[in-house]
Amino acid sequence: MKMKIADYLIKRLHEVHVDHIFGVPGDYNLGFLDYVEDSKEVDWIGCCNELNAGYAADGYARIRGMGAVATTYGVGELSAINATAGSFAESVPVIHIAGVPSSMVKDNRLFVHHSTGRGEFDTFDRIFREVTGFQTTLNEYDAADEIDRLIESVYKFKLPGYLEFPVDIVSKEIDVDMKPLDLCVRSNPDTLKQLVDAIAEEVKNSKAQHIIADYKVLRAAATKEMEEFVNYAKIPVSTLSMGKTAVSEENPYFAGVFTGAISSEQVKKVANSSDLVLLFGVKFTDTTTAGFQFINNDKKWIQIGLTQTRIGEKVYTGVYITDVIKALTASNIKFTNSVKLEHKKEKFVPKDAPLTQDRYYELIGAFLKKGDVVVAETGTSYFGCSTVPFPQGATFVGQPLWGSIGYACPAVLGTNMADKNRRNILLIGDGSFQLTAQEVSTMIRQKLKTILFVINNDGYTIERIIHGKHREYNHTQMWNYAELPKVFATKGDVQPTTFKVSTEKELAKVMETIDKGCDGLVLVEVTMGMLDAPQVLRDEGILFSKQNNY
């Protein structure tokens with residue numbers, strides 16, 4: 001059948017659950033955006049800048065399993081590349097669609113606007129090859145095949161992809177075969193059996209085991225399978241903060257979040273009790289392991305990655321993480337660990353006292369409901385929330401590896417567009433909020449009911465903890481944060497609801513009001529002491545300071 005290339009790309013994106021494309025218009029992508037706007041399968045979400053659009057697409061992909069951002073050539077795509085690099089670092093499947101000059105312009109090496117003025121048109125493609133897993137430049141002869149290859153690869157292997165879309169072929173008609181995309185990653189059955197047998201042997205020679213799950217379980221959408229395996233194995237499980245909610249924290253075998261040497265006493269007890277650890281989709285980073293300070297290195301690891309598993313020196317390739325989890329659940333392996341776990345949950349009673357960081361996150365924990373999506377900004381918000389107990393079905397989103405401040409505000413726009421039926425909550429500090437606050441206007445434009453908690457503690461607390469406690473470079477201009485949404489909303493918009501609080505009882509009362517229901521977006525400005533920080537961040541800050549030789 002005949003179809004225009006733009007329509008074909010849109011249909012294939014829709015097939016992988018991309019119903020919204022984030023971005024900013026520019027003259028090299030306007031032709032494609034006509035098709036997006038006229039489509040019944042995807043909606044255009046115009047953002048305030050390309051970087052924010054990339055962050056939003058990243059947040060969207062973490063909930064939907066795939067995201068897309070569209071920019072113009074040169075200035076637009078480079079504005080978004082920081083977001084693309086973050087998706088690459090943290091294995092988030094986002095397609096970056098860049099509208100680029102026509103073949104005539106390229107062939108004649110013309111000095112057009114947004115180019116480097118050197119007559120070279122592969123510069124940005126070469127740059128993006130460093131921060132994407134897959135790339136293509138479309139032409140009318142193999143556009144369908146290349147679109148399929150790129151989307152299938154990004155979807156299967158959870159890395160961003162880069163697609164150059166020349167302006168002169170957007171409306172070209174091509175012959176297409178609309179057979180379904182091949183989105184299944186198939187494990188080698190013989191290798192899978194060998195792997196399970198090898199794990200069985202390791203367990204047989206072990207006295208006790210425990211499980212650590214991380215973010216690639218989330219990327220593979222294997223949380224259900226992970227839960228079933230934990231219930232079968234009946235041994236303690238922890239997650240790293242980047243993989244928080246990969247296993248329900250209400251599961252009786254959940255021990256807590258593993259944060260290296262500063263983990264809770266219960267997590268330390270579990271780690272010290274075992275001589276074999278099954279690592280599912282784990283990447284140990286400095287921010288998730290207290291600067292690589294592990295509790296006990298004298299143990300054996302079975303490292304189960306997205307598409308391969310390592311046991312000591314032996315690497316098993318061609319085995320997908322979801323299949324490995326299922327095969328272990330269906331095995332007859334007898335796992336063991338005698339550590340008894342305790343799950344204490346005390347009711348939070350607010351006091352008529354100024355808010356502190358530690359008490360603030362206890363209040364946040366009491367506020368959370370089943371199914372909530374919580375996006376926490378790098379810094380106090382991420383570290384403070386990482387150890388808060390989450391209810392069944394809640395999802396935690398953060399960016400601890402790439403750690404680009406300002407990520408969370410546009411990311412929660414993306415997560416909320418991905419699923420409007422769940423409560424989407426942003427936890428962010430004032431310093432980070434100032435980088436990308438304008439995307440609150442897009443939330444209002446899209447009539448979202450996002451809940452934003454903005455900590456106003458006068459600057460970059462995480463940096464103060466690491467170095468420069470009273471340095472000018474860690475100060476920010478004071479804003480009236482609670483007034484900001486009113487500036488973004490016009491008379492025709494659903495009016496945002498805003499609050500400013502400074503005590504425990506004030507915040508608890510506001511949370512009760514939110515629970516009763518608000519018509520539109522809610523922003524709560526929470527004032528706290530400049531040098532106050534969650535205990536876990538204070539501990540991490542000391543370690544980072546030493547790591548950086550301050």
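Along the sequence shown, residues carry numbers from 1.
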### Task
Measure the acute angle between the ring planes of F284 and F258, then classify it against the limits of 30° and 60° as parallel, tilted or perpendicular.
tilted
#### Entry: pair M242-L218: side-chain heavy atoms closer than 4.5 Å
no
#### Entry: Polar side chain donor-acceptor pair, D58 to Y407, under 3.5 angstrom
yes
### Summary
Rounded to the nearest 0.5 angstrom, the CG-CE distance for N424 and M417 is 10.5 Å
### Task
Determine, for F390 and K244, whether the Lys NZ or Arg CZ falls below 6.0 Å from the six-membered ring centre while staying within 45 degrees of the axis.
yes
### Task
Side-chain contact test, heavy atoms from C-beta onward, threshold under 4.5 Å: evaluate it for Y316 versus I311 and give yes or no.
yes
### Task
Check whether any side-chain heavy atom of V94 sits under 4.5 Å from a side-chain heavy atom of F22, and report yes or no.
no
#### Entry: Pair R64 + D419: basic N to acidic O under 4.0 Å
no
### Query
How long is the gap from CG on L306 to OG1 on T309, to the nearest 0.5 Å?
10.0 Å
### Pairing residues for E227 by the side-chain contact (heavy atoms from CB on, under 4.5 Å) criterion, not counting sequence neighbours
N231, V247, S248, N251
### Query
Tell me the salt bridge (Lys or Arg N to Asp or Glu O under 4.0 Å) pairs involving residues 314-338, sequence neighbours left out?
none
### Message
Just to verify, what does K369 make a side-chain contact (heavy atoms from CB on, under 4.5 Å) with, not counting sequence neighbours?
### Response
D372, R423, D515
### Message
Can you tell whether the side chains of R129 and D125 come within less than 4.0 Å, N to carboxylate O?
### Response
yes
### Query
Would you call the rings of F32 and F165 parallel, tilted or perpendicular if under 30° counts as parallel and over 60° as perpendicular?
tilted
